[in-house]
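Every value quoted in this text rests on a predicted model; they were computed, and no experiment measured them.
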Amino acid sequence: MSRVMAQSHLGTALKDILQRIEIAALQRRPSEFGSHVPQLIAVSKTKPVSAVLEAYQCGQRHFGENYVQEIVEKGSNPEILKLEDIKWHFIGHLQRNKCNNLTAVPNLYMVQTIDTTKLATALNNSWEKQNKSVKLKVMVQVNTSGEENKSGCPPEQCVDLINHILNNCNGLEFSGIMTIGAVARSVQQGNTNEDFKSLLSCREKVCENLGLSAADVELSMGMSADFEHAIEMGSSYVRIGSSIFGAR
Ligand SMILES: *Cc1c(COP(=O)(O)O)cnc(C)c1O
């Protein structure tokens, strides 16, 4: 099956990205960042269920969605429901009143966009009502670029927010921090991306203040335009859409 699929455009693109991820991790990442290959999250937003199915047939398991309505629809599609080991990441802005819709999505694996204590509490309560046997993995989204139109918590509030999750949200498992970053910085070649740098220093502060080790705080950074650079700087989750599924 995978050989046939690998000849399709999507299959070829996916294979190419996986190869580039591996090369970046093996050849360009300093050893202090560990040796495990970063996890690819295929961002399928605005793309049809058929595209998700095709990527799955090619071996992809982690998928990312931005809109609650869309992850609800895709996640409960009868064909998708047959894929028991599919892992959904929510990577879009989340409103508190949408938490119950989101936590009901079968195979929801991680929510990467916690940015306030109120949202963490709401998501925690919602997850606990679902009575699942596992905790819901979450990341804190950090607004590293300081742009007003971007969601994410300011870097200086990161420690308090994570402290709140660790101490008051028993249904949630803190997994790490994520950033989207400024577009201008992501397309700038040759320079260290300031958003990635800021996320790294955020992790340092979090580890220092909360007694965590760097391995306890995964980094979700890097998209189509800049994932190799993100990996070079220590990213453990890259979120890639258009390079796999085509332009939106
Ligand atoms: C759309 C999106 C991506 C993927 O972006 P591409 O440039 O298509 O790879 C990654 N992360 C987030 C949060 C997104 O909204």
Test side-chain hydrogen bond (donor to acceptor under 3.5 Å, both in side chains) on S220 and R239 and set out the steps.
CA-CA 8 Å; S220 173; R239 311 176 308 264; 2.9 Å; yes
Yes or no on side-chain contact (heavy atoms from CB on, under 4.5 Å) for I180 and K150, after CA distance, side-chain angles and deciding distance?
CA-CA 9 Å; I180 297 177; K150 283 260 162 67; 4.2 Å; yes
For I91 and E65, run side-chain contact (heavy atoms from CB on, under 4.5 Å): C-alpha distance rounded to whole Å, both residues' side-chain angles, the deciding distance at 0.1 Å, then the answer.
CA-CA 6 Å; I91 59 173; E65 287 286 342; 5.9 Å; no
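Environment of CD in E156: crowded, with over 12 heavy atoms of neighbouring residues, nucleotides or ligands closer than 6.0 Å. Crowding of K197 atom NZ: a count of heavy atoms from other residues, nucleotides or ligands under 6.0 Å not exceeding 12. For Q130, the CD atom is densely surrounded, since the number of other residues' heavy atoms within 6.0 Å is greater than 12.
Contacts of K118 classified as salt bridge (Lys or Arg N to Asp or Glu O under 4.0 Å), with partners at least two apart in sequence or in another chain: none. When the ring-ring contact (aromatic ring centres under 6.0 Å, His included) test is applied to Y109, the partners found at least two apart in sequence or on another chain are H62, H89.
Using modelled atom types, one finds no donor on one side chain facing an acceptor on the other under 3.5 Å when comparing T121 with N124. Looking only at atom types and distance, the side chain of T113 has no donor-acceptor partner in the side chain of Q141 under 3.5 Å away. S235 and H229 share no side-chain donor-acceptor pair at under 3.5 Å. Between S198 and T144, the side chains place no donor N or O within less than 3.5 Å of an acceptor N or O (distance only, hydrogens not considered). Side-chain contact, S151 with D115: no donor N or O sits under 3.5 Å from an acceptor N or O. Counting only N and O atoms by type, the side chains of S8 and E54 include a donor and acceptor under 3.5 Å apart.
Judged purely by atom type and a 3.5 angstrom limit, S236 uses its side chain to pair as donor or acceptor with the backbone of L219. At least one donor-acceptor pair under 3.5 Å links the side chain of K135 to the backbone N or O of N170. The closest donor-acceptor contact from the side chain of N143 to the backbone of P154 lies at 3.5 Å or more, if one exists at all. Checked by atom type and distance alone, the side chain of S44 never pairs as donor or acceptor with a backbone atom of K47 at under 3.5 Å. Between the W88 side chain and the K74 main chain, no donor and acceptor come within less than 3.5 Å of each other. Remark: the backbone N or O of L14 is not paired with any side-chain donor or acceptor of Q60 at under 3.5 angstrom.
Two residues are said to be in side-chain contact when any heavy atoms from C-beta on lie closer than 4.5 Å; I86 and V52 meet this criterion. Between S76 and V105, the closest side-chain pair of non-hydrogen atoms is not below 4.5 Å.
Here the shortest heavy-atom pairing between Y237 and I41 reads CD2-CD1, 3.7 Å. Counting all heavy atoms, side chain and backbone alike, L210 lies closest to V159 at CD1-O, 3.8 Å. S224 and I240 get closest at one heavy-atom pair: OG-CG2, 3.4 Å.
Residues E208 and K205 are not paired through a salt bridge, judged by the lack of any N-O separation under 4.0 Å between the basic side chain and the carboxylate.
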